[in-house]
S.K.: 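Here it is: the structure, laid out below.
Below, chains carry the letters A, B, ... as their sequence lines are ordered, and counting in each starts from 1. Computed from heavy atoms alone, side chains included, the values below leave out hydrogens, waters and symmetry copies.
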Protein chains: 2
Amino acid sequence: MVNRSISKQTLLRLPLYLNYMKQLGENTPEHISATTIAEALRLNHVVVRKDLAAVSSAGKPKVGYNTEALIAELEEFLGYNDVDDAIIVGAGKLGKALLTYGGFKDCGMNIVAAFDIDEEVCEEDYSGKRILTMDKLMDLCERMRVRIGIIAVPAENAQAICNLLIESGILAIWNFAPVHLDVPEGILVHNENLAASLALLSKQLKEKFDANT
Amino acid sequence: MVNRSISKQTLLRLPLYLNYMKQLGENTPEHISATTIAEALRLNHVVVRKDLAAVSSAGKPKVGYNTEALIAELEEFLGYNDVDDAIIVGAGKLGKALLTYGGFKDCGMNIVAAFDIDEEVCEEDYSGKRILTMDKLMDLCERMRVRIGIIAVPAENAQAICNLLIESGILAIWNFAPVHLDVPEGILVHNENLAASLALLSKQLKEKFDANT
DNA sequence: TAGATTGTTAATCGATTAACAATC
DNA sequence: TAGATTGTTAATCGATTAACAATC
């Protein structure tokens with residue numbers, strides 16, 4: 001398996017392949033070909049083949065890939081096997097939803113706790129996860145060496161929280177606030193603007209209909 | 001303003017420009033240049049200039065763009081001015097969080113209601129939004145001509161809900177379940193795999209450190 | 001006028017697609 | 001052996017970057 005120069009697009013497609021194979025359930029064949037996956041996901045078969053070749057070296061002509069082995073290789077490659085911790089700041093509805101979402105575990109992600117300024121919501125127990133007051137944030141991050149922070153606070157507070165996270169040793173930020181965060185060199189930021197995503201879908205739908213008229 | 005052939009990448013960057021300008025608050029200058037935006041967002045200035053040129057024609061050499069006018073043009077272009085309706089299926093934590101999230105309004109999106117099989121959570125009132133039983137879904141979609149559906153149900157049920165939505169006249173689906181949805185030709189699907197997104201961030205962080213050692 | 005900025009045209013880069021060779 | 005499939009090499013396409021002309 002050669003790791004170098006996997007394109008961003010490939011990285012985004014790999015989880016799709018994984019999902020598809022995992023969802024086969026009882027219909028899981030012992031072997032699966034790039035063409036089969038491509039057809040199911042409506043992708044070009046050469047794209048899928050190249051993506052898989054970047055991750056696995058176990059493809060056999062005529063046979064394809066051993067499904068189980070390919071799933072394992074994808075999970076390994078995507079880092080789903082070594083668990084990584086993250087914390088959430090902002091225990092509003094979105095923060096709580098993320099805190100208790102069960103799906104992160106399958107991807108090797110563990111949400112340690114959430115933090116909120118509102119003392120009311122704090123110390124509650126959410127399916128085993130705790131919501132703590134802000135003053136405990138820095139200490140916990142340092143003690144547990146948490147490197148990933150999730151920002152689920154209102155836009156107005158996002159930059160201040162971002163600064164605090166960085167001060168606490170956080171190196172990567174998943175930002176749900178619809179603001180651009182100003183961070184020092186070397187800090188990773190991934191913006192997740194849910195409203196803009198939905199609006200984009202709406203725009204694409206409108207355009208499709210305009211094109212047909 | 002010429003609309004044709006706006007690239008996917010441009011479409012994803014436009015909301016960033018909009019966010020940036022909206023966040024300036026009291027510091028909002030009367031005019032703003034592509035270079036200024038590019039520096040703040042750490043993008044190449046030619047990229048920003050081209051993106052803006054695709055949306056606006058009001059840029060003046062030496063002066064730049066009128067900030068207010070540019071904001072208005074971006075909002076208009078992204079369709080934030082004409083309101084579009086959407087419904088949510090699945091009123092778990094994520095569904096409820098989306099149902100009551102205030103940020104959709106700014107992007108011209110209106111969540112009409114959520115639906116759930118669990119009668120317990122139904123008929124509750126969430127900041128003016130209602131959670132209804134599944135049997136009311138088809139009728140409401142048809143009556144209000146809702147074209148956008150949001151899937152926030154467990155992965156196992158996502159395909160069945162997807163089929164129901166399409167039967168109800170839904171044309172675009174925002175899918176939060178980590179499954180590939182099989183849809184007929186012409187139905188738009190945007191997959192939002194939150195767990196995979198976070199895991200990708202974790203992987204990128206790991207890789208960065210590996211590269212430095 | 002000079003300089004900053006827009007906007008356009010050409011060059012480069014990267015990703016996708018096509019064609020083909022290798023192999024079980 | 002023949003055919004399906006992998007994997008590789010070349011061609012195409014699209015997006016980014018660079019260079020430059022236009023203009024307020």
S.K.: Atom CD of A/E75 and atom CG of A/N81: how far apart are they, to the nearest 0.5 Å?
M.R.: 6.0 Å
S.K.: Tell me: CG of A/N44 to P of D/dC13, nearest whole Å?
M.R.: 14 Å
S.K.: Can you confirm whether B/L200 sits close enough to A/L11 that some side-chain heavy atom of one is under 4.5 Å from a side-chain heavy atom of the other?
M.R.: yes
S.K.: Whole-Å distance between C/dT16 P and A/D51 CG?
M.R.: 8 Å
S.K.: Whole angstrom is fine here: how far is it from CD1 in A/I37 over to C1' in D/dA4?
M.R.: 16 Å
S.K.: Verify the neighbour count for atom CZ of A/R145: are there more than 12 heavy atoms of other residues, nucleotides or ligands below 6.0 Å?
M.R.: no
S.K.: Measure NE2/A/H45 against P/D/dT8 and give the value in whole Å, please.
M.R.: 16 Å
S.K.: Do the charged groups of A/D106 and A/K22 touch, with an N to O distance under 4.0 Å?
M.R.: no
S.K.: Below 4.5 Å, heavy atoms only, C-beta onward: do A/L18 and A/F77 meet side chain to side chain?
M.R.: no
S.K.: Is the backbone of A/G186 close enough, under 3.5 Å, to the side chain of B/K208 for a donor and an acceptor to pair up by distance?
M.R.: yes
S.K.: Roughly how many Å is it from NZ in A/K60 to C1' in C/dA22, rounded to a whole number?
M.R.: 16 Å
S.K.: For A/L43 and C/dA18, give me the distance from atom CG to atom P, rounded to whole Å.
M.R.: 14 Å
S.K.: Considering residues, nucleotides and ligands other than A/L164, do more than 12 of their heavy atoms fall under 6.0 Å from its CG?
M.R.: yes
S.K.: Which heavy atom of B/C107 sits nearest a heavy atom of B/Y80, and at what distance?
M.R.: O-CD1, 3.3 Å
S.K.: CG of B/D85 to CD1 of B/I148: how many Å apart, nearest 0.5 Å?
M.R.: 8.5 Å
S.K.: Going by number, which of residues 61-72 of chain B have a non-hydrogen atom under 4.0 Å from DNA chain D?
M.R.: B/P61, B/K62
S.K.: Whole Å only: how far is the CZ atom of A/R49 from the P atom of D/dT9?
M.R.: 15 Å
S.K.: Quick one: the dot-bracket string of DNA chain C, using Watson-Crick and G-U wobble pairs with both distances under 3.5 Å, [ ] for crossing pairs and | for bases paired to another strand.
M.R.: ..||||||||||||||||||||||
S.K.: Given atom NE2 of A/H31 and atom C1' of C/dC24, what is their separation to the nearest angstrom?
M.R.: 12 Å
S.K.: Once hydrogens and angles are ignored, does a donor-acceptor distance under 3.5 Å link the base of D/dT6 to the side chain of A/K50?
M.R.: no
